[in-house]
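The first residue of the sequence shown is numbered 1, and numbering continues consecutively from there.
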Amino acid sequence: MEKLSKKIDLSGFKMNDELNPKIWDDEKMKPEVRKTLLKIADDYFESLGLVDVDIEDITMTGSLANYNWSKYSDVDLHILVDYKDIPVDEDLVLDFLKSKSSAWNKEHDIQVYGFDVELYVQDIQEKHTSSGVYSILNDEWNIKPEKQKVEIDKKAVKDKANMVMDRVEELYDDVHEDRDYESIFKRSEKLQDKIKKMRQCGLDKAGEFSVENMAFKALRRNGTLDRLYDIKNLAYDKSLTLENN
């Protein structure tokens, strides 16, 4: 693994005058986009093999369902189901669906007019903070976005992101200096959990344009989150590897 990039690009975090014209036509999803996303969602859900579980809705959320889209945006495709319909412990269901979604997102490189498609299976009871949610299944807005003037505290965002990047840099150095791999794995897990809680706290407190959520997006954009994932996996593998004498 190479050293982390210290660049934090906030250039795309702004409000546009219109929804992305590649996806939308007068606030209605373009038919070819809707048809493609429905096909992706149906094929993926069928691959899960969840018997007697129905899709409650298929939605698109995130910046492409809002006015803050940029060239860095993803198509956030959510498949909504009722976790209670799956006869397994809820924590196991969550782990299973997260691992399946993560594997699918890593294995496939599907784009819609240059935007990567990211899949997520969401519980209908899960709280989801977004000011723009489009029901692809019903071809209508669940939450219609509104144009708004947003001022982002760029210094605070950079400070928050740099704090996380410094922690990841420490883990990177340790995992390449043959340190205690078990400890590095646990620290990586703890940092991932902290980042998740940081983002959720920001969303709950100030919504999509909170400092915490903007920092999360910046970290995802410059590869820091992927690097942390790789460090954690490398540390896990190393902690269980028996070397030849």
Side-chain angles (χ1 to χ4, degrees), residues 1-9 44 47-50 62 72 74 76 78-79 83 86 88-109 116-123 126-129 157-204 210-245:
M1 289 185 291
E2 299 177 355
K3 282 282 186 177
L4 288 167
S5 167
K6 297 295 288 184
K7 183 178 180 181
I8 299 175
D9 185 2
Y44 172 73
S47 74
L48 296 177
L50 297 176
Y72 301 104
D74 293 323
D76 292 326
H78 288 212
I79 303 172
Y83 281 12
I86 305 174
V88 184
D89 178 79
E90 186 172 336
D91 289 337
L92 293 178
V93 171
L94 183 60
D95 288 342
F96 168 74
L97 293 176
K98 283 178 65 177
S99 64
K100 283 289 188 179
S101 296
S102 177
W104 189 95
N105 290 327
K106 286 181 178 295
E107 290 170 5
H108 295 277
D109 183 23
D116 292 331
V117 176
E118 293 284 329
L119 263 172
Y120 179 73
V121 180
Q122 178 185 335
D123 185 10
E126 178 183 334
K127 182 180 178 182
H128 182 65
T129 305
V157 171
K158 289 183 177 181
D159 288 345
K160 185 76 68 173
N162 273 315
M163 179 183 67
V164 174
M165 290 172 67
D166 287 343
R167 296 279 300 279
V168 175
E169 191 81 2
E170 291 174 6
L171 290 167
Y172 174 92
D173 290 339
D174 287 349
V175 82
H176 282 82
E177 293 175 6
D178 298 327
R179 300 289 179 84
D180 183 346
Y181 294 120
E182 185 175 351
S183 172
I184 295 169
F185 173 76
K186 291 179 179 178
R187 286 161 54 202
S188 300
E189 273 197 322
K190 187 176 180 179
L191 182 55
Q192 282 184 322
D193 187 54
K194 181 176 181 178
I195 293 169
K196 180 181 178 181
K197 290 178 179 177
M198 174 194 77
R199 185 192 191 192
Q200 191 58 54
C201 178
L203 288 170
D204 292 342
S210 65
V211 168
E212 293 82 359
N213 191 45
M214 291 295 98
F216 175 87
K217 288 177 176 288
L219 293 167
R220 183 173 61 187
R221 178 182 295 181
N222 74 358
T224 297
L225 300 185
D226 286 338
R227 190 55 51 88
L228 176 57
Y229 178 86
D230 291 341
I231 291 170
K232 186 186 77 169
N233 285 343
L234 178 59
Y236 177 80
D237 292 348
K238 290 282 190 180
S239 71
L240 295 175
T241 296
L242 297 177
E243 302 287 357
N244 290 322
N245 294 327

Original post:
Got a second to check how far Glu189's CD is from Lys232's NZ, nearest 0.5 Å?
Top reply: 5.0 Å
Original post:
Any idea which heavy atoms bring Ala215 and Lys160 closest together, and the distance?
Top reply: CB-CG, 3.7 Å
Original post:
Rounded to the nearest 0.5 Å, how far apart are OH of Tyr72 and CG of Asp116?
Top reply: 13.5 Å
**OP:** Can you see which heavy atom on Ile79 is nearest to which on Tyr44, and at what distance?
**Re:** CD1-CD2, 3.7 Å
Original post:
Which atom pair, heavy atoms only, marks the closest approach of Met198 to Phe216?
Top reply: CE-N, 4.4 Å
**OP:** Keeping the roles fixed (side chain from Asp74, backbone from Asp76), state whether a donor-acceptor pair exists under 3.5 Å.
**Re:** no
Original post:
If you measure from CZ on Arg167 to OG1 on Thr224, what distance do you get to the nearest 0.5 Å?
Top reply: 13.5 Å
Original post:
Hey, what do you get for CG (Leu219) to CZ (Arg221), rounding to the nearest 0.5 Å?
Top reply: 11.0 Å
Original post:
How many angstroms lie between atom CE of Met165 and atom CG of Leu228, to the nearest 0.5 angstrom?
Top reply: 12.0 Å
Subject >> Closest heavy-atom pair and its distance - Val121, Leu48 >> reply: CG2-CD1, 4.3 Å
**OP:** Search all heavy atoms of Trp104 against all heavy atoms of Val117 and return the closest pair with its distance.
**Re:** CZ3-O, 3.9 Å
Subject >> Side-chain (Asn213) to main-chain (Gly202) donor-acceptor, under 3.5 angstrom >> reply: no
Subject >> Identified salt bridge (charged side-chain N to carboxylate O under 4.0 Å, His left out) partner of Asp193 from the options Lys197, Lys190, Lys196 >> reply: Lys197
Original post:
Any side-chain heavy-atom pair from Leu203 and Arg199 closer than 4.5 angstrom?
Top reply: yes
**OP:** Please examine the side chains of Leu240 and Tyr181, heavy atoms only from C-beta on, and report whether any two atoms are closer than 4.5 Å.
**Re:** no
Original post:
In Å and rounded to the nearest 0.5 Å, what is the OG to CD distance from Ser101 to Glu118?
Top reply: 9.5 Å
**OP:** Indicate the ring-plane relationship of Phe185 and Tyr236, choosing parallel, tilted or perpendicular according to the 30° and 60° boundaries.
**Re:** tilted
Subject >> Pi-cation contact, Tyr120 with Lys98 (under 6.0 Å, within 45°) >> reply: no
**OP:** Flag the pair Asp174 and Arg187 as a salt bridge only when some basic side-chain nitrogen lies within less than 4.0 angstrom of an acidic carboxylate oxygen.
**Re:** yes
